Undergrad: 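Below are the structure tokens for one structure; questions will follow.
Treat the numbers as computed from the prediction; the structure is a model and nothing was measured. Indexing begins at 1, ligand by ligand and atom by atom, following the structure's order.
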Amino acid sequence: MDNTHEDLDILRDKVRGVTIQIMRAVQERMELARKIGEVKSRLGIDIKDEKVENDIRMTVMSLAEEIGMSTEFALQLLNVLLAESEQVQVQKSEQRVVEKQTHLSIFSKARQLEASGKKIIHMEVGEPDYSAPARVGAALADSFEMKHYHYTDTQGIAKLRDAIATKEGGGISRDQVVVTPGGRFAVFSAITSLLRAGQEMIVIEPAWPAYKECADFVGARTKILRTTIENKWIPDTKQMERMINSSTKMIVLNYPNNPTGKVLDDKIMEKIVLLAKDHGLYLLSDEVYADYVFGEFTSIREYDYAKSIVIGSFSKRYAMTGFRVGYGIANKDIISKMARVQAVAITSVAEPMQRAALAALEVDPSENVQLMKTRLDYVCSKLKKMSLRYIEPEGAMYVYPELPNGDDLTIIERLLEKGVAIAPGTGFGDAYKRYVRISACQPEKTLEKGLDVIASVIREDL
Ligand code: PMP
């Protein structure tokens, strides 16, 4: 008995010693990373170097095999180290002095200008200008009258979950639905509950910035698959396949896409689903623009993949952005993980808002969709006259044209001075400084004024 206790003490001492060695080695690695950061900064070299990362990943994988360590665990550890080194290098380099601008930061600048008395045409945010359905207002009043303002089940009231399941084409039960405060929180709870530090997620750019921000929150790494206007914003699935390694856990899709309006055809979707199946990856499909589709669109639900998660929202469909109601649909296991995040953070979505959303589901949004299509066609016709390159949106509420000259932030500053706000291309990916996003969430007359100002600023720049 005593002997066993002594053995335990010896082993614990050894573990302590090894832990100290690891910490010292990690610190030494950080010091080296800091020095590399200084050199890169002096030479003006990018901090991220995919080739160097891949080399070290291969080395670690073969070492893991040689010493009998799980390659998945080894790569996860490596990713934590790589992420930390990147942070250290960013702090050392001067490349980060400029704060990243997104559609939201431009929106808040525009608001400040308005507060100082300037008139602004808002074409930077995806907030429909039309009214929410009248019966939504009545449902809110009823909620008060009937004292429907209590905590609800974390996943949402049963009636609403049933109605969402029906709207999504049936075949799902209420246990497979979680009602969230906006689609944004459904994205947050999916990414933060399914990914851990050091794991990887693939995002197709240009992309809504929140996916990466959510992954950063838990220390997961975002691998970017860039698409181009030349390829009509279609992702290269071969390249996607090459990006997958044993740390990869999720692929994020967003179709109809914000900011490009792209919708992928069945063939590409099938390839992506197959890749996810082959590698056992979660497939997060953000479909908040699914109603704003002008041709064919197939939800990820149709592919019947057990590890897929659909994100939906009432914000865009019914112009209910401020009600903050969205949802996630997935298998029961995934939904209960997402609901745990929600239970910790917010208990439940406000009951009157859930009842308002339930009332909205009875309304057909096709008038809104038609209106958006007409406006997008109008924006495109104006962009064509300006000879700007763009891909005609197949869905969503935006056009993402290429600038003939100059960069997004310079043009956007100049436009703000002239009272027009649009979103910078770089808000959706570092590679897109030659692009801007124009939102069609305004009446045609307002769009016309805004686009005339854009045309004049672009002409000045030529
Ligand atoms: N996904 C995408 C692609 C979006 O553009 C937005 C809003 N701009 C959301 C999700 C979230 O919308 P909400 O939280 O209002 O439902």
Undergrad: Do the charged groups of E53 and K223 touch, with an N to O distance under 4.0 Å?
TA: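 Answer for the salt bridge query: yes.
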Undergrad: What about Y398 and F428, are their ring centers closer than 6.0 Å?
TA: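 Judged by ring-centre distance (under 6.0 Å), Y398 and F428 do not meet the cut-off.
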Undergrad: What residues, two or more places apart in sequence or in another chain, satisfy ring pair (Phe, Tyr, Trp, His ring centres under 6.0 Å) together with Y151?
TA: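 With sequence neighbours excluded, Y151 shows a ring pair (Phe, Tyr, Trp, His ring centres under 6.0 Å) to no residue whatsoever.
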Undergrad: Do any pairs count as a side-chain hydrogen bond (donor to acceptor under 3.5 Å, both in side chains) and have a residue in residues 176-199, sequence neighbours left out, and if so which ones?
TA: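 Listed once each, the pairs are S173-Q176.
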Undergrad: Any carboxylate oxygen within less than 4.0 angstrom of a Lys/Arg side-chain nitrogen, looking at E417 and K118?
TA: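 No salt bridge links E417 with K118.
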Undergrad: List below, pair by pair, the N or O atoms of ligand 1 and of the protein that are less than 3.5 Å apart, including the distance to 0.1 Å; reply 'none' if no pair qualifies.
TA:
{"residue": "ligand 1", "atom": "1 (N)", "partner": "D286", "partner atom": "OD1", "Å": "3.4"}
{"residue": "ligand 1", "atom": "1 (N)", "partner": "D286", "partner atom": "OD2", "Å": "2.5"}
{"residue": "ligand 1", "atom": "5 (O)", "partner": "N258", "partner atom": "ND2", "Å": "2.8"}
{"residue": "ligand 1", "atom": "5 (O)", "partner": "Y289", "partner atom": "OH", "Å": "2.7"}
{"residue": "ligand 1", "atom": "8 (N)", "partner": "K316", "partner atom": "NZ", "Å": "3.1"}
{"residue": "ligand 1", "atom": "14 (O)", "partner": "G183", "partner atom": "N", "Å": "3.1"}
{"residue": "ligand 1", "atom": "14 (O)", "partner": "R184", "partner atom": "N", "Å": "3.0"}
{"residue": "ligand 1", "atom": "14 (O)", "partner": "R324", "partner atom": "NH2", "Å": "2.8"}
{"residue": "ligand 1", "atom": "15 (O)", "partner": "S315", "partner atom": "OG", "Å": "2.6"}
{"residue": "ligand 1", "atom": "15 (O)", "partner": "R324", "partner atom": "NH1", "Å": "2.8"}
{"residue": "ligand 1", "atom": "16 (O)", "partner": "G183", "partner atom": "N", "Å": "2.6"}
{"residue": "ligand 1", "atom": "16 (O)", "partner": "S313", "partner atom": "OG", "Å": "2.6"}
{"residue": "ligand 1", "atom": "16 (O)", "partner": "S315", "partner atom": "OG", "Å": "3.2"}

Undergrad: Got a list of side-chain donor-acceptor pairs under 3.5 Å for residues 340-347, not counting sequence neighbours?
TA:
{"residue": "Q342", "atom": "NE2", "partner": "T154", "partner atom": "O", "Å": "3.0"}
{"residue": "Q342", "atom": "NE2", "partner": "V179", "partner atom": "O", "Å": "2.6"}

